[in-house]
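To find a chain, count down the sequence lines: A is the first, B the second, and so on, and within it residues start at 1.
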Amino acid sequence: MILEILQSRFAAALTGLVDDVQPLLELIRPSQDPKFGDFQANMAMPLAKKLSKPPRDVAKQIVDALDIDDLCQPPELAGPGFINLRLKEEFLAELVRKSLDDEDRLGVPEVEPADRKTVVVDYSGPNVAKPMHVGHLRSTVIGNALAKMLRFAGHEVITDNHLGDWGTQFGMIIYGYRNFLDWAAYEKNPVQELSRVYRIVRQKVDEPNKEIADAVLAETAKLHAGDAENLKLWKEVLPNCTDEIDRIYKRLNISFDYVLGESFYHPMLQGVVDELLQKGIARESEGAVCVFFDGQEVPMLVRKKDGAFLYGTTDIATVEYRMKEFKPDAILILTDFRQSLHFEHLFATARLLGYDNVELSHIKFGTVLGEDGKPFKTRSGDTVGLESLLDEAESRALTVVKENDKAGLSEAEQRETARRIGLGAMTYADLSQNRESDYVFSYDKMLAMNGNTATYMQYAYARVRSIFSKGEIDIDALRKSGATIILSAPAERALAIELLKFDDALRHALRDYRPNVLTAYLFELANRYSTFFENCPVLKAEDAAVRTSRLLLCDLTARTIKKGLELLGIETVERM
RNA sequence: GCGUCCGUGGCGCAAUUGGAUAGCGCAUCGGUCUUCGGAACCGAGGGUUGGGGGUUCAAAUCCCUCCGGGCGUACCA
């Protein structure tokens with residue numbers, strides 16, 4: 001909010017100097033050091049180059065043309081041509097007031113109607129044949145956060161879970177079902193037993209055991225060709241798998257607008273291949289049907305020589321379906337970065353098909369690694385199931401909750417608190433890291449509750465709330481009072497400025513689809529609040545006006561933290 | 001081989017995409033409490049941003065080169 005206002009003032013001062021002022025306005029930023037003021041404008045240097053004048057002269061020229069006295073102290077020139085701005089208390093107070101009065105959005109504006117997009121967010125996408133594991137958490141948690149943030153920003157968001165319910169892994173399941181199934185175990189826990197036979201087959205294929213590998217491919221091809229027996233088996237097995245997955249989503253508190261798995265697109269695949277051939281986009285090579293790309297040796301295969309379709313075929317069908325059905329401006333697909341080449345190929349093919357008016361983005365993220373630096377497995381070679389991870393998170397949280405409980409929570413309240421804290425810790429661990437980096441799996445790290453963690457923020461939130469309950473404050477009356485915001489103490493001022501950066505943090509996070517920008521902001525906000533909390537007594541403030549003002553700052557802080565965490569898919573607690 | 005991503009205090013990571021003295025968490029050491037929740041706060045030590053060269057008023061960021069690593073590289077997803 002601050003930034004937009006400053007930008008409009010600078011825009012006025014810059015008119016006539018360049019054709020396009022927008023890139024220059026981007027160079028107005030929060031100062032990293034308080035001694036340089038609150039914000040700094042860095043456009044004089046690049047502009048000086050264009051005008052071939054000394055940068056300090058250009059800076060001076062900008063400052064002279066700048067009408068900004070109502071917002072800040074006289075701008076200061078520094079270094080090669082930085083323009084440093086220190087905001088006036090009244091201006092900050094006015095903006096804080098606006099945010100306070102904005103019930104749902106806390107002063108964050110929605111995107112302009114012209115910029116409003118329809119965005120398909122494709123995330124999670126587990127293979128239904130095997131239990132979900134830690135690797136799926138990244139796609140699920142990051143996708144969920146981005147979808148929420150985009151929605152809050154004012155975009156039309158369509159979430160779609162592209163289940164892996166039709167690929168070669170099903171050939172393995174079918175083969176395993178026929179040859180290795182323990183019926184008693186299957187009756188008892190179908191998914192666990194299916195995943196056991198899946199692992200057996202998988203291992204044999206990897207050995208490699210050519211006979212079994214061929215048999216698996218044959219089962220897959222039969223399924224895809226419509227073989228009645230295999231289809232029947234698929235239909236028998238699938239509901240068990242999806243039930244299992246749904247249970248986990250429920251626990252993670254995640255839902256989708258659509259769950260259109262690979263099998264949904266199967267009827268369209270032949271058409272896709274025909275279309276690609278017909279338009280001369282694909283051709284036959286070594287018995288397979290392929291799309292080749294300029295300057296690249298490896299093609300994307302859309303039909304194998306045995307007639308079966310592939311990942312790429314399904315994904316093209318998916319793009320076509322989404323374009324027809326949803327008419328999106330953007331399609332975001334969240335997967336592991338190891339699939340980068342595939343998506344380059346897919347998007348290039350989509351453009352060849354004429355879909356060039358849509359943003360197609362592969363939102364990639366790093367791999368979850370074990371301590372050996374290899375993709376994560378337990379000692380026995382299994383992946384860590386998501387459910388056991390959730391259990392662990394909650395039980396660790398419960399221990400901490402019990403140790404620290406001073407509020408006298410009931411047993412049920414303790415459990416619910418632990419659930420929110422444990423789940424929040426896990427979610428936050430994923431979101432707070434730059435998504436493109438790999439990370440080494442560790443319970444301690446994932447479930448940490450000190451430092452830059454969800455728990456720290458939840459704690460900050462609970463502390464704010466406790467002020468209101470302790471003081472028996474009527475929040476509605478307080479908000480409606482229209483009381484003056486006073487920002488004379490440095491900690492009050494710093495907190496207010498941080499609160500007003502919420503919309504900037506969101507915009508920045510969405511620009512690169514990076515939730516960690518938002519977590520960093522929230523952490524900073526919680527820090528500022530802690531400093532404020534230490535230095536500025538609220539209930540025992542020196543006079544009534546200061547007390548009211550501080551209560552309002554507390555209120556806005558609590559609401560901002562709550563909203564921010566909510567956008568990340570993390571719940572808050574009133575007491576902990 | 002080719003493509004691609006990466007290398008930042010002991011460890012784990014940031015750095016608003018080229019901006020001022022590279023920040024934060026953990027760990028280590030020291031300090032703060034008769035005040036609203038100590039799951040807190042304040043401070044200290046620790047860095048030639050893998051090496052070298054270049055572009056620029058300005059480089060962790062861009063270019064070249066070398067070293068080290070991850071991933072991908074035709075019928076898995």
Side-chain angles (χ1 to χ4, degrees), chain A residues 26-27 29-33 35-36 40 42 45-46 48-49 54-55 78-82 84 125 127 164 167-169 171-172 205 217 220 262 285-290 296-306 308 310-312 314-315 335-342 344 364 366-367 369 373-374 400-401 403-404 406-407 421 432-434 436-440 442 444-445 448-453 455-456 458-460 462-464 466-468 470-471 504-505 507-509 511-512 514 516-517 520-521 523-524 527 530-531 533-541 550 554 575-576:
Chain A
E26 304 285 330
L27 296 173
R29 289 171 191 174
S31 301
Q32 22 178 306
D33 191 322
K35 80 176 179 212
F36 299 133
Q40 57 177 259
N42 302 338
M45 285 80 80
K49 185 159 280 177
F82 295 104
N84 294 334
N127 279 328
T168 303
Q169 80 274 12
M172 295 195 194
V205 169
L217 290 180
T220 310
E262 292 172 335
S285 167
E286 297 175 29
V289 178
C290 314
Q296 287 205 37
E297 254 181 74
V298 295
M300 178 169 76
L301 271 68
V302 293
R303 192 174 66 202
K304 302 201 268 189
K305 62 185 167 201
D306 68 5
L310 301 99
Y311 188 27
T314 311
D315 278 0
T335 81
D336 193 294
F337 76 97
R338 287 176 292 189
Q339 298 181 35
S340 297
L341 183 60
H342 166 73
E344 268 177 48
K364 54 191 102 172
T367 315
L369 303 175
K374 301 246 171 71
V400 180
V401 167
E403 273 171 17
N404 290 283
K406 292 181 197 72
I421 291 176
S432 59
Q433 180 162 347
N434 186 329
E436 302 214 29
S437 318
D438 286 348
Y439 77 64
V440 175
S442 117
D444 289 338
K445 193 176 131 189
M449 296 180 191
N450 297 316
N452 183 6
T453 63
T455 309
Y456 178 84
Q458 287 166 325
Y459 178 70
R463 273 203 308 186
V464 187
S466 86
I467 289 180
F468 287 94
K470 176 139 192 165
D504 187 41
R507 206 179 6 243
H508 179 187
R511 189 185 61 201
D512 300 321
R514 281 178 31 188
N516 72 310
V517 173
Y521 165 76
F523 183 59
E524 189 66 28
N527 264 316
S530 284
T531 305
F533 182 81
E534 295 293 323
N535 293 296
C536 303
V538 179
L539 294 175
K540 294 172 187 169
R550 286 181 180 166
C554 287
R575 296 188 296 169
M576 60 191 278

Could you check whether A:N527 gets within reach of a base, just the sugar-phosphate, or nothing at all, counting any heavy atom under 4.0 Å?
-> sugar-phosphate

Look at the side chain of A:V298 and decide which nucleotide, out of B:U73, B:A20, B:U17, has an atom nearest to it.
-> B:U73

Between atom CG in A:N452 and atom C1' in B:G12, what is the gap in whole Å?
-> 12 Å

With a 4.0 Å cut-off on heavy atoms, is A:A78 in touch with a base, just the backbone sugar-phosphate, or nothing at all?
-> base

Got a second to check how far A:R338's CZ is from A:T367's OG1, nearest 0.5 Å?
-> 4.0 Å

Side-chain donor or acceptor of A:S285 under 3.5 Å from a matching atom on the base of B:A74?
-> yes

A:S31 near the nucleic acid: base, sugar-phosphate alone, or nothing, with a heavy-atom cut-off under 4.0 Å?
-> nothing

Please, what dot-bracket string fits RNA chain B when only Watson-Crick and G-U pairs with both distances under 3.5 Å count, crossing ones use [ ] and pairs to another strand use |?
-> (((((((..((((.....[...)))).(((((.......))))).....(((((..]....))))))))))))....

Taking the six-membered ring for Trp, are the ring centroids of A:F82 and A:F36 within less than 6.0 Å of each other?
-> no

Among B:A77, B:A14, B:C71, the one nearest any side-chain atom of A:N127 is B:A77

Taking atom P of B:U8 as reference, at what distance in whole Å does atom CD of A:Q433 sit?
-> 13 Å

With heavy atoms under 4.0 Å as the rule, sort A:L310 into base, sugar-phosphate or nothing.
-> sugar-phosphate

Across the strands shown, which category fits A:R550 at heavy-atom distances under 4.0 angstrom: base, sugar-phosphate, nothing?
-> nothing

Take atom C1' in B:G18 and the same atom in B:C63, then report the distance between them in whole Å.
-> 13 Å

Is there a donor N/O on one and an acceptor N/O on the other, under 3.5 Å, for the side chain of A:Q40 and the base of B:A20?
-> yes

Measure from CD on A:E524 to P on B:G23 and round the result to the nearest Å.
-> 13 Å

Atom CZ of A:R29 and atom P of B:G19: how far apart are they, to the nearest Å?
-> 5 Å

Quick one: pull up CD in A:Q458 and CE in A:M449 and give me the separation to the nearest 0.5 Å.
-> 8.5 Å

Which part of the nucleic acid, if any, lies within reach of A:A520 when heavy atoms closer than 4.0 Å are counted: base, sugar-phosphate only, or nothing?
-> nothing

Which part of the nucleic acid does A:D438 contact within heavy-atom distance under 4.0 Å: base, sugar-phosphate only, or nothing?
-> sugar-phosphate

Would you say the side-chain atoms of A:D306 pair up with the backbone N or O of A:A308, donor to acceptor, closer than 3.5 Å?
-> yes

Indicate, with a heavy-atom threshold strictly under 4.0 Å, whether A:D444 touches base, sugar-phosphate, or nothing.
-> nothing

Atom C1', compared across B:C11 and B:G51: separation rounded to whole Å = 23 Å

Separation of the C1' atoms in B:A39 and B:G45, to the nearest angstrom = 26 Å

Once you round it to whole Å, what is the distance between P of B:G3 and CD of A:E344?
-> 13 Å

With a non-hydrogen cut-off below 4.0 angstrom, is A:P46 in contact with a base, only sugar-phosphate, or nothing?
-> base

CG of A:N42 versus P of B:C57: gap in Å, rounded?
-> 17 Å

What form does the base of B:U61 take, syn (within 90° of 0) or anti?
-> anti

Contact string for nucleotides 33-40 of chain B, one letter per nucleotide 5' to 3', B = base within protein heavy-atom range under 4.0 Å, S = sugar-phosphate only, - = neither, reads --SBBSBS

Roughly how far apart, to the nearest Å, are B:U8 and B:A14 at atom P?
-> 11 Å

For A:E436, answer base if it contacts any base atom (sugar-phosphate contacts may also be present), sugar-phosphate if it contacts only those atoms, and nothing otherwise; contact means non-hydrogen atoms under 4.0 Å.
-> nothing

Any N/O donor-acceptor pair, A:D512 side-chain to B:U16 base, under 3.5 Å = no

From the candidates B:G19, B:A77, B:C76, the one with an atom nearest any side-chain atom of A:L217 is B:C76

